[in-house]
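Whatever order the structure lists ligands and atoms in, that order sets their numbers, starting from 1. In this text, all values refer to a predicted model and were calculated from it rather than measured experimentally.
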Amino acid sequence: MLDAGVHPAYSGIAALPFYDEFDLSTVDILLISHFHLDHAASLPYVMQHTNFKGRVFMTHPTKAIYRWLLSDFVKVTSIGSSSSSALYTDEDLSESFDRIETIDYHSTIEVDGIRFTAYHAGHVLGAAMFFIEIGGLKLLFTGDYSREENRHLNPAEVPPTKPDVMVTESTFGTATHEPRLEKEVRLTNLIHSTLIKGGRVLLPVFALGTAQELLLILDEYWSQHQDLENVNVYYASSLAKKCLAVFQTYINMMNDNIRKQFRDQNSNPFQFKYIKNIKNLDKFDDFGPCVVVASPGMLQNGVSRELLERWAPDSRNSVILTGYSVEGTLAKTLLTEPDHIPSLQNPDNNVPRRLNIEEISFAAHVDYEQNSKFIELVDPKSIILVHGESNPMGRLKSALLSKYSKFKGTENEVRVYNPRNCDELDLKLKGLKIAK
Ligand SMILES: [Zn+2]
């Protein structure tokens, strides 16, 4: 079984994968690619509330962050609306935690004839691609991955062995990313100009991952612009302190750039100079221009939602969406520039929306160019697309099929599949041995 997430636009049972359609007691191993909620947040449910009895593996940083992230997820899903929307308790979480095993990058583990190896995936700290071998069949699961060098992570690497089947993400379909330097300039310019006219800037982010990358960018920009010295940058997260420790601990798993900084300056790059951590909004003094980096990234609830509702009526303010927005969330709706947004506290009330809305994607996923290049290097016979809305995924399938059209009908034919949920794929592969 690959990953065990929830859908961010739903809550309770509705957010789960269709576990009823599958006998979980037949699963031998469950591999978690990274700590994001859409890949890991139903794991305690699977381990405590189903007949699953297999072994679970993830990398060390994923496990360390998973613990705090999911305990926060339990808190967020059990307040407010009916408690039935909580899928599991903090107890379930800690009971299942000790049974999760860890795997190092580039090391291979064998369980009952199933061999699997973890490779760097970029994306977020601890993210892994899994190369799996069963009875001679080789499969690569990318999870979410990125190929762009950023401030702190190694980009995804090509496994040394060619797989028969590759299961890859299709988040951005055939879209092209803006070059990294350009979007950083656009981001900092937009923030700077908003602050100069007296506005506030809200950066909704997923608590961990891209948030740390944005904080590195902001801290550097503040150190280069003295006129901003008196403008506060807040990172509003109850997890900030705990997770800083995790980022400090796993510096050795990041790229050369950050390790060099760590060595040369003898200080931790995640010990920010200009960024103040706040747990929640209780002690937040909302006076004058400021920047707040707050979760959740898709504005479903919590601190980012509260600030959005508070700041929406003022046209001097800006909200900048830096992550990927899933269908059905307020972040996605915002991109249509609505005149009003619904209030969470008073569902009968609407808040007028005059603040400026911008999207500058720092979501660390591959674009078409990067995805198709990586697929070419990995060189699989069959490609299975997952993790994308049906339109971008369909476009990616067409683009890949036309790229490989010259091999059609030959023995080098590349097949591309975009199955829907619960669709079964029956692949005929040569030379299969039977696993124990
Ligand atoms: Zn992810």
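With 3.5 Å as the limit, one finds no donor-acceptor pair spanning the side chains of H225 and H192.
Using cut-offs of 30° and 60° on the angle between ring planes, the pair H177 and F172 is perpendicular. Between F73 and Y88, the ring planes lie tilted relative to each other; the angle falls in the 30° to 60° range.
The atom of H34 that is an N, O or S and sits closest to the Zn ion (ligand 1) is NE2. When the N, O or S atoms of D144 are ranked by distance to the Zn ion (ligand 1), OD2 comes first.
The angle subtended at the Zn ion (ligand 1) by NE2 of H123 and ND1 of H36 is 90°, given to the nearest 10°.
Evaluated for a ring pair (Phe, Tyr, Trp, His ring centres under 6.0 Å) with F374, the options Y119, Y368, Y145 yield exactly one hit, Y145.
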